[in-house]
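In what follows, residues are counted from 1 in the order of the sequence shown.
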Amino acid sequence: ETGYQRRVHGVREAMETANEVSEALAQPLGADPMDEDELDEEFQQLMQEGLDEEMLSTQQKLPTVPNQPIGQEQSTKPSAVAAGETADPDEEEALRQLEAELNA
């Protein structure tokens with residue numbers, strides 16, 4: 001074996017070693033590489049869970065409705081506003097000013 005052949009052989013061995021190292025680095029750490037279908041299924045489940053949480057958090061609360069049939073009065077006691085009484089004289093003055101502006 002000549003010096004040239006030894007060098008070529010050494011270079012080939014070094015290239016094979018470099019390829020083996022490169023392949024080893026490209027493999028994921030751990031026992032088994034993850035199955036792509038398994039990853040896709042897990043991703044779909046996570047997306048569905050996120051959508052479910054979003055739907056639940058954005059649901060609008062329905063307004064409350066009276067339990068009595070339509071046409072029946074809800075309260076027999078007159079309110080202070082219906083009786084013409086106001087709790088605050090400043091509110092009464094503000095209402096008068098607003099009415100005056102609207103009628104002007």
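Proximity of a side-chain donor or acceptor of Asp40 to a complementary backbone N or O of Glu36 within less than 3.5 Å is not detected. Thr17 contributes a side-chain N or O that, together with a main-chain N or O of Glu13, makes up a donor-acceptor pair within less than 3.5 Å.
In summary, Glu93 and Arg96 engage in a salt bridge, as defined by a charged side-chain N under 4.0 Å from a carboxylate O.
There is no side-chain donor-acceptor pair under 3.5 Å between Gln5 and His9.
For the atom pair CD (Glu53) and CD (Gln48), the distance works out to 11.0 Å, reported to the nearest 0.5 Å. In this structure, CD in Glu41 is found 11.0 Å from CG in Leu46, a value given to the nearest 0.5 Å. Between the CG atom in Asp37 and the CD atom in Glu42 there is a gap of 13.0 Å [rounded to 0.5 Å].
Side-chain contact between Leu39 and Phe43: absent, with no pair of heavy atoms (C-beta onward) separated by less than 4.5 Å.
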Go through the steps for Val8 and Arg12 under the test side-chain contact (heavy atoms from CB on, under 4.5 Å), then give the verdict.
CA-CA 6 Å; Val8 169; Arg12 285 187 182 151; 3.8 Å; yes
